[in-house]
Number of protein chains: 2
Amino acid sequence: MMRAGLTAERVTLAAAELADEVGLDHLTMSAVARRLGVKDASLYAHVRGLEDLRGRIALLGADEKTIRIAEATAGRAGKDALVAYADAWRAYAHDHPGRYTATQIPMEIDPELLARAPGPRRAIELTYSMLRAYALTEPDLTDAVRLMRSTLHGFVSLEAAGGFAHARPAQESWLRCLDALHSLLEHWPAPDEGDPR
Amino acid sequence: MMRAGLTAERVTLAAAELADEVGLDHLTMSAVARRLGVKDASLYAHVRGLEDLRGRIALLGADEKTIRIAEATAGRAGKDALVAYADAWRAYAHDHPGRYTATQIPMEIDPELLARAPGPRRAIELTYSMLRAYALTEPDLTDAVRLMRSTLHGFVSLEAAGGFAHARPAQESWLRCLDALHSLLEHWPAPDEGDPR
DNA sequence: GTTTTTTCCTAGGAAGACTAGGATAGGCAT
DNA sequence: ATGCCTATCCTAGTCTTCCTAGGAAAAAAC
């Protein structure tokens, strides 16, 4: 009897593919096992359980997304970099909806595993270094980073949920939103004390 | 033997409460039945199944959220209205995380049920009428509405997922993001054709 | 008071998460 | 090559959950 040659990584990858196909919440241990040609009990030698598996998918997604963004923005600056960054983000979410969804679920991920994954940390660093091109200083820089991540994630998330009625193509709104973000970062407003009237 | 007096609405409400407590993805038919003091099979007289129940929770959440926003923004204008709108949005997500999560999941909701629910439609209308206070014309108005919804949803969603490391309080970033949104709406940029260098 | 409708139950099947314990494939040393 | 050892994979079984079918009885209609 041949062995399947399972590892935690291979199991995670198969699970990620499956999650992309059927949606993260339809991901089951049994289905992953079937895809790998293995009985479901065999998976537990490599992965603690379904919760753990979803955490691993989230980490994989974060790593992959970060790499894509890093490649896309390499050598670019200013609005070029911003658009490349945002497009890479959105493209990853489109290409890997299951993995992307996994990254946005509040989970207790194995701390040791999380410490080993460079993705989440590096993603933040990338954003900071890109936004440093604009004339922002702390704490505005942090707020701008959060605004940008919020907007990108929110857009992609609403788009995936069918939140944009088909009146106007999402792609056009997307481009205009990036225009707006760029303009906003160039003219970041001072804190607004009290009623301006 | 007394009857429990179930209706689709009561089942949905119990399910929504449970989803808020344990998280939407830990919502089970059995648990809802237990909370109502009823066997799980009894629920199927009022609700098609778990999927349908989640759809109903989503619709309930959309309705409630819309009402809260409408109340908060009533009689306000300009930045006042914007802040009230955004705060109400965020507060609802905090108060009812399960229902809020339900609204952002791509689902096939019973079309007849959806047609009966005023929430989703009215939410969009509210946003449009608020943003009409700024000097925006179509298609910029639609893009601005989408940007605003994206940013609010993204912020709330990332916050719930623990996406903001505790370096800076989320509340402060939130206020500054609203400043930024307001400023952006007042100075919505023209489309950026080609490379600006 | 009888009939009808609705509500809720019991019973049970199918699928999935997970555990315990056994068999064996492959690597390793001798 | 042979024997050992570890990790891998399986069988068997438990428990939970979703959901259906059909029956009993409570409430409603008449």
Side-chain angles (χ1 to χ4, degrees), chain A residues 1-60 98 101-102 105-110 112-113, chain B residues 1-58 98 101-102 105-110 112-113:
Chain A
M1 182 184 294
M2 265 270 292
R3 268 192 200 170
L6 297 188
T7 64
E9 286 70 27
R10 289 203 43 185
V11 171
T12 303
L13 193 63
E17 290 171 6
L18 220 138
D20 286 339
E21 291 167 16
V22 303
L24 185 69
D25 38 335
H26 291 93
L27 181 74
T28 68
M29 283 290 189
S30 326
V32 175
R34 277 193 291 272
R35 162 170 296 228
L36 289 166
V38 148
K39 298 295 173 184
D40 56 344
S42 306
L43 301 179
Y44 291 85
H46 307 276
V47 159
R48 252 200 268 284
L50 185 58
E51 207 73 2
D52 179 45
L53 187 52
R54 309 222 295 192
R56 286 169 189 270
I57 294 176
L59 254 35
L60 173 66
T101 316
I105 288 184
M107 275 182 296
E108 313 87 43
I109 293 181
D110 184 353
E112 187 203 344
L113 213 59
Chain B
M1 181 183 296
M2 266 271 291
R3 268 190 199 171
L6 297 187
T7 65
E9 286 69 27
R10 288 203 43 185
V11 172
T12 304
L13 192 62
E17 290 171 5
L18 210 106
D20 286 339
E21 292 168 16
V22 305
L24 186 69
D25 38 337
H26 292 93
L27 180 74
T28 68
M29 283 291 184
S30 327
V32 175
R34 275 192 294 271
R35 161 169 297 227
L36 289 167
V38 149
K39 297 296 172 185
D40 56 343
S42 306
L43 301 180
Y44 291 85
H46 307 276
V47 159
R48 252 200 268 283
L50 185 58
E51 207 72 3
D52 178 45
L53 187 52
R54 309 221 297 190
R56 286 169 189 269
I57 294 177
T101 316
I105 287 184
M107 272 181 298
E108 312 87 43
I109 293 181
D110 184 354
E112 187 203 345
L113 212 59

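All heavy atoms count here, side chains included; hydrogens, waters and symmetry mates do not. Letters A, B, ... are given to chains in the order of the sequence lines, protein chains preceding strands, and every chain is numbered from 1.
Atom CG in B/L6 sits roughly 14 Å away from atom C1' in D/dA27 (whole-Å rounding).
B/R35 meets the side chain to side chain contact (heavy atoms under 4.5 Å, CB included) test with B/A14, B/E17, B/L18, B/E21; sequence neighbours excluded. Remark: B/T12 pairs with B/L53, B/R56, B/I57, B/L60 by the side chain to side chain contact (heavy atoms under 4.5 Å, CB included) rule, at least two apart or across chains.
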Do any side-chain atoms of residues 37-48 of chain A form donor-acceptor pairs under 3.5 angstrom with protein atoms, and if so which ones, sequence neighbours left out?
from  : atom 1 : to     : atom 2 : distance (Å)
A/S42 : OG     : A/K39  : O      : 3.2
A/R48 : NH2    : A/D110 : OD2    : 3.1

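Among all heavy-atom pairs drawn from B/L50 and B/M29, the shortest one is N-CE, 2.9 Å.
For residues 24-33 of chain A, every residue pair satisfying the salt bridge (charged side-chain N to carboxylate O under 4.0 Å, His left out) rule, not counting sequence neighbours, is listed here: A/D25-B/R54.
Residues from residues 18-49 of chain B that place a heavy atom under 4.0 Å from any atom of DNA chain C, listed by number: B/V38, B/K39, B/A41, B/S42, B/H46.
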